[in-house]
Amino acid sequence: MSSLDPLVKPIPETVDIAIIGAGPQALTLVTHLLQKKASLRDRLVVFDRAGTWMAQWKQQFGALEIPHLRSPAVHHPDPNPYALRAFAANRPSELFPPYDLPGTQLFQGFCEDVIERWGLGDGVIGASIRDIEPIQIEGRDRFRLHIQDHPPSLARRVILATGGGPPRLPDWLAEIAPTYPPERLQHSSQIDLRTLHLGGEEILIVGSGLTSGHLALGAIRRGARVTLMARRQFYEKLFDADPGWLGPKYLKGFQAELDWGRRSQMIQEARNGGSVTPKVLFKLRRLEREGRVQFLENCQITRATWNQGLWDIDCDQPQGSLPSFDRLWLATGTDFDIRKHPLLQQVQRRYPLETVGGLPQLDEHLRWGKSQLFLMGPGTALQVGPVARNIYGGKLASQRIVPALTKSSLARVA
Ligand SMILES: Cc1cc2nc3c(=O)[nH]c(=O)nc-3n(C[C@H](O)[C@H](O)[C@H](O)COP(=O)(O)OP(=O)(O)OC[C@H]3O[C@@H](n4cnc5c(N)ncnc54)[C@H](O)[C@@H]3O)c2cc1C
């Protein structure tokens with residue numbers, strides 16, 4: 001049996017450290033925590049609705065047929081930065097230029113190796129958390145974790161590592177009568193290229209990020225013609241955010257900034273919306289010359305009408321010869337607003353916390369106010385910076401959370 005097979009593990013009634021989510025960020029936290037204090041092993045419980053490590057990550061990379069990561073080989077869940085390179089020693093063809101970007105299979109194999117080496121193979125409990133309720137028991141603060149189809153668990157400390165927010169959907173969507181087949185209008189997170197036959201189809205993809213690029217290349221491989229539309233110009237960038245954001249070069253100034261609003265602005269400027277890697281843009285430009293892709297830039301849909309089996313599109317910058325489309329794909333990213341997080345409604349009432357642009361003002365250990373709840377992922381950006389949602393953001397977050405979980409002087413004891 002592989003280390004990633006789901007094993008049915010009972011859900012404990014009480015938990016010391018509950019980690020919700022078993023993606024790359026949670027895996028990073030667990031390895032860093034065990035490295036610091038191995039005795040915590042029996043006090044941690046990881047919950048994920050999938051019941052295994054990395055399920056969402058694997059689904060995303062498989063569904064978009066992504067050949068390799070955008071981030072370099074030192075970005076991974078093991079505390080040893082060179083561990084992935086060592087793992088790849090006999091697989092050099094799976095490190096892609098520039099900067100040795102790990103191939104998808106290599107990265108997945110490496111994460112399985114991490115899970116095995118750290119003895120985490122049976123470490124995930126298959127449970128979907130529905131809500132987190134702060135309660136007091138005998139004068140002590142605890143969290144009641146409400147679990148789908150199961151009695152609740154009681155946790156002393158909680159780390160929320162549930163990844164990104166819900167799909168960001170454009171306004172014009174609300175105007176469309178729901179008479180179209182659902183597979184003809186989808187957000188990128190719903191699309192699985194592996195299941196599609198698209199020969200001869202016209203597909204309109206909205207969004208200027210790398211996901212648009214992956215979807216376009218996948219659709220063209222299946223014989224479709226693609227129109228890529230964005231409200232800005234498509235532009236190329238190697239990484240999501242400049243590598244200066246991984247260390248003191250930019251983080252020092254960011255953390256010295258005491259104005260949270262200014263920090264939020266710095267994050268937006270650093271990420272600067274979606275971008276495509278030079279390699280993917282090069283491929284798309286070549287396909288443009290072959291007539292298989294067209295780019296519509298500085299252009300937004302104002303109305304989409306489902307008309308006799310095809311989409312008719314109106315835009316704010318009318319384009320000469322816009323065809324009718326078989327499918328509309330929205331590669332418009334996700335909307336992260338902590339105020340709307342479904343698991344944090346009761347926590348926010350019990351422990352009110354200021355937010356800026358939907359991001360909470362966590363303390364330096366990524367702790368939610370005076371509670372024993374910690375965040376990982378996009379919600380930590382005001383402390384961790386623009387790479388908060390990426391794999392490396394998991395490392396930066398772990399460096400802050402681990403001391404608070406292991407040093408009694410940093411714990412807030414209720
Ligand atoms: C297509 C794509 C490519 C990317 N490529 C890169 C890259 O190359 N490099 C990089 O650094 N970053 C990349 N990212 C960004 C980021 O690294 C990944 O999204 C990564 O998966 C984030 O890890 P995570 O652990 O925060 O979240 P996830 O991988 O989303 O894991 C969260 C987990 O939480 C579980 N969960 C959520 N809610 C609940 C609940 N209520 N109860 C129980 N379980 C729950 C989910 O099942 C999921 O398994 C990419 C993102 C996408 C979408």
Side-chain angles (χ1 to χ4, degrees), residues 11 18-30 45-77 84 96 99 101-104 106-108 111 124-132 145-150 153 158-167 187-189 191-193 207 209-215 218 238-241 243 245-246 271 274 277 280 331-334 336 341-344 375-381 384 386-398:
I11 298 177
I19 301 175
I20 306 177
Q25 290 234 358
L27 184 57
T28 308
L29 176 69
V30 172
V45 175
V46 182
F47 295 97
D48 195 295
R49 55 167 77 103
T52 58
W53 290 105
M54 305 283 295
Q56 170 89 353
W57 187 91
K58 278 198 252 176
Q59 162 63 20
Q60 279 168 351
F61 273 68
L64 298 181
E65 297 180 333
I66 302 177
H68 61 74
L69 278 78
R70 192 177 193 174
S71 47
V74 284
H75 298 198
H76 58 70
L84 175 48
F96 292 79
Y99 304 114
L101 312 177
T104 301
L106 176 73
F107 189 82
Q108 210 166 294
C111 289
V124 180
I125 289 188
S128 182
I129 309 298
R130 283 193 301 106
D131 202 2
I132 303 174
L145 305 180
H146 293 272
I147 301 173
Q148 185 80 40
D149 303 326
H150 197 276
S153 256
V158 172
I159 293 96
L160 198 61
T162 47
H187 182 265
S188 55
S189 57
I191 299 166
D192 191 335
L193 286 169
L210 187 53
T211 297
S212 297
H214 289 310
L215 284 174
L238 264 179
F239 305 118
D240 271 355
W245 284 105
L246 305 170
R271 294 193 71 90
T277 57
V280 167
T332 41
T334 52
F336 190 86
H341 197 296
L343 299 185
L344 290 179
L375 295 190
M376 297 192 84
T380 66
V384 167
V387 303
R389 69 180 67 178
N390 295 102
I391 293 166
Y392 202 82
K395 191 178 188 74
L396 295 176
S398 299

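Remember, predicted model here, so these are calculated numbers, not experimental data. If you read the sequence from its start, that first residue is 1, and numbering goes on from there. Both counts, for ligands and for their atoms, begin at 1 and track the order of listing.
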Participant: Between D48 and W53, does the side chain to side chain contact (heavy atoms under 4.5 Å, CB included) criterion hold? Intermediate values first, please.
Facilitator: CA-CA 8 Å; D48 195 295; W53 290 105; over 6 Å; no

Participant: Around atom 28 (P) of ligand 1, find the nearest protein heavy atom and jot down its residue, atom name and distance.
Facilitator: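 The answer is Q56 CG, 4.0 Å.
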
Participant: With respect to I20, which candidate in V46, V45, I159, V158 satisfies the side-chain contact (heavy atoms from CB on, under 4.5 Å) definition?
Facilitator: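 One option only clears the test, and that one is V158.
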
Participant: Would you check whether S71 has a nitrogen or oxygen atom less than 3.5 angstrom from a nitrogen or oxygen atom of ligand 1?
Facilitator: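 Among all N and O atoms of S71, at least one is under 3.5 Å from an N or O of ligand 1.
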
Participant: Suppose I only count heavy atoms of G21 and a 4.0 Å limit; which atoms of ligand 1 are within that range?
Facilitator: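 Result: 33 (C), 34 (O), 35 (C).
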
Participant: Does ligand 1 come near enough to A55 that some N or O of the ligand is less than 3.5 Å from an N or O of the residue?
Facilitator: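 Looking only at distances, the answer is no, because the N/O contact criterion of under 3.5 Å is not met.
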
Participant: List the steps, then state whether side chain to side chain contact (heavy atoms under 4.5 Å, CB included) holds for I132 with L160.
Facilitator: CA-CA 10 Å; I132 303 174; L160 198 61; 4.0 Å; yes

Participant: Please identify which atoms of ligand 1 are closer than 4.0 Å to at least one heavy atom of L64.
Facilitator: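 Near L64, the atoms of ligand 1 are 1 (C).
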
Participant: Rounded at 0.5 Å granularity, tell me how far CD1 in I129 sits from CD1 in I147.
Facilitator: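 Going from the CD1 atom of I129 to the CD1 atom of I147 covers 4.5 Å.
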
Participant: When only distance counts, is N390 in polar contact with ligand 1, meaning an N/O pair under 3.5 Å?
Facilitator: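 Yes; at least one N/O pair falls below 3.5 Å.
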
Participant: In terms of residue, atom name and distance, what is the protein heavy atom nearest to atom 48 (C) of ligand 1?
Facilitator: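 Looking at atom 48 (C) of ligand 1, the protein heavy atom closest to it is D48 OD2, 3.3 Å.
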
Participant: Look at atom 31 (O) of ligand 1 and say which protein heavy atom is nearest, naming residue and atom and giving the distance to 0.1 Å.
Facilitator: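 Heavy-atom neighbour on the protein nearest atom 31 (O) of ligand 1: G23 CA, 3.5 Å.
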
Participant: Taking 4.0 angstrom as the limit and counting only heavy atoms of F61, give me the atoms of ligand 1 inside it, by number and element.
Facilitator: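 Going through ligand 1 atom by atom, the ones under 4.0 Å from F61 are 3 (C), 4 (C), 5 (N).
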
Participant: Which ligand 1 atoms does I391 reach within 4.0 Å, using its non-hydrogen atoms?
Facilitator: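 Counting from 1, the qualifying ligand atoms are 9 (N), 10 (C), 11 (O), 12 (N), 17 (O).
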
Participant: For ligand 1, note which part of V387 has a heavy atom under 4.0 Å away: side chain, backbone, both or neither.
Facilitator: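 Contact part for V387 vs ligand 1: neither.
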
Participant: To the nearest 0.5 Å, how far apart are OG in S128 and NE2 in H150?
Facilitator: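 The NE2 atom of H150 is 12.5 Å from OG of S128, to the nearest 0.5 Å.
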
Participant: How long is the span from the CG atom in L69 to the CD1 atom in I391, to the nearest 0.5 Å?
Facilitator: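 Between atom CG of L69 and atom CD1 of I391 there are 5.0 Å.
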
Participant: Looking at CG of D192 and CD of Q60, how far apart are the two atoms once the value is rounded to the nearest 0.5 Å?
Facilitator: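 Output value for this atom pair is 11.5 Å.
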
Participant: Judged by non-hydrogen atoms, does S128 sit under 4.0 Å from ligand 1?
Facilitator: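 Within the 4.0 Å threshold, so yes.
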
Participant: Mark the output for I66 as yes if a heavy-atom distance to ligand 1 is under 4.0 Å, and as no if none is.
Facilitator: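 The answer is yes: ligand 1 sits under 4.0 Å from a heavy atom of I66.
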
Participant: Any atom of ligand 1 sitting under 4.0 Å from a heavy atom of P24?
Facilitator: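 For ligand 1, residue contact (heavy atoms, under 4.0 Å) with P24 is present.
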
Participant: For ligand 1, which atoms sit closer than 4.0 Å to a heavy atom of G163?
Facilitator: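 In order of number, 26 (O), 27 (O), 30 (O), 32 (C).
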
Participant: Counting only heavy atoms, tell me which of W57, F239, F107 gets closest to atom 21 (O) of ligand 1.
Facilitator: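 Looking at heavy atoms only, the winner is W57.
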
Participant: Applying a 4.0 Å heavy-atom criterion (strictly less than), which segment of L210 is in contact with ligand 1: side chain, backbone, both, or neither?
Facilitator: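 Under 4.0 Å from ligand 1, L210 contributes no heavy atoms.
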
Participant: Between D240 and R271, is a side chain to side chain contact (heavy atoms under 4.5 Å, CB included) present by the stated rule, with each step listed?
Facilitator: CA-CA 6 Å; D240 271 355; R271 294 193 71 90; 3.2 Å; yes

Participant: Minimum heavy-atom separation for A73 and P102, please, with both atom names.
Facilitator: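 Here A73 and P102 meet closest at N-CD, 3.9 Å.
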
Participant: Please work out, at 4.0 Å between heavy atoms, whether the side chain, the backbone, both, or neither of R389 comes within that distance of ligand 1.
Facilitator: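 Looking at R389 and ligand 1, just backbone atoms fall under 4.0 Å.
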
Participant: Looking at R70, which atoms of ligand 1 are within less than 4.0 Å of one of its heavy atoms?
Facilitator: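 In order of numbering, the contacting atoms are 7 (C), 8 (O).
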
Participant: Assess the pair W245 and F239: is the distance between their ring centroids shorter than 6.0 Å?
Facilitator: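 No: the rings miss the under 6.0 Å criterion.
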
Participant: Looking only at heavy atoms, which two atoms of M54 and L27 are closest? And how far apart?
Facilitator: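 Shortest heavy-atom separation between M54 and L27 comes out as SD-CD2, 4.4 Å.
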
Participant: Would you say R49 has any N or O atom under 3.5 Å from an N or O of ligand 1, going by distance alone?
Facilitator: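 The answer is yes, given that R49 and ligand 1 share an N or O pair closer than 3.5 Å.
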
Participant: Determine whether the side chain, the backbone, both or neither of D240 has a heavy atom under 4.0 Å from any heavy atom of ligand 1.
Facilitator: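 Contact part for D240 vs ligand 1: neither.
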
Participant: Could you check if a side-chain atom of T52 sits within less than 4.5 angstrom of a side-chain atom of K58, using non-hydrogen atoms only?
Facilitator: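 No; the side chains remain at least 4.5 Å from each other.
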
Participant: Go through ligand 1 atom by atom and flag the ones less than 4.0 Å from a non-hydrogen atom of L343.
Facilitator: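 Those atoms are 41 (N).
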
Participant: Decide yes or no on side chain to side chain contact (heavy atoms under 4.5 Å, CB included) for Q108 and W57, but give the supporting numbers first.
Facilitator: CA-CA 9 Å; Q108 210 166 294; W57 187 91; 3.8 Å; yes

Participant: May I ask you to check if ligand 1 and I129 share an N or O to N or O distance below 3.5 Å?
Facilitator: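 Min N/O separation from ligand 1 is below 3.5 Å for I129.
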
Participant: Are any side-chain N or O atoms of R70 and backbone N or O atoms of L238, one a donor and one an acceptor, separated by less than 3.5 Å?
Facilitator: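 The answer is yes, because a donor-acceptor pair under 3.5 Å joins these two groups.
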
Participant: Just need the protein heavy atom nearest to atom 24 (P) of ligand 1, so name the residue and atom and give the distance.
Facilitator: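 Here the closest protein heavy atom is Q25 CG, 3.6 Å.
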
Participant: Less than 4.0 Å from atom 40 (C) of ligand 1, is there any heavy atom belonging to the protein?
Facilitator: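 It does: a protein heavy atom is found less than 4.0 Å away from atom 40 (C) of ligand 1.
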
Participant: Mark yes or no for whether Q25, through its side chain, and A388, through its backbone, hold a donor-acceptor pair below 3.5 Å.
Facilitator: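 Yes.
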
Participant: Should the proximity of A127 to ligand 1, defined as any heavy atom under 4.0 Å, be assigned to the side chain, the backbone, both, or neither?
Facilitator: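 Only the backbone of A127 comes within reach of ligand 1.
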
Participant: From R49 CZ over to Q56 CD, what is the distance, rounded to the nearest 0.5 angstrom?
Facilitator: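 These two atoms lie 7.5 Å from each other.
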
Participant: Who's closest to atom 53 (C) of ligand 1 heavy-atom-wise, of H214, Q60, K395, H68?
Facilitator: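 Minimum heavy-atom distance to atom 53 (C) of ligand 1 goes to Q60.
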
Participant: Pull out every atom of ligand 1 sitting under 4.0 Å from any heavy atom of L69, numbered as shown with elements.
Facilitator: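 Close to L69: 8 (O).
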
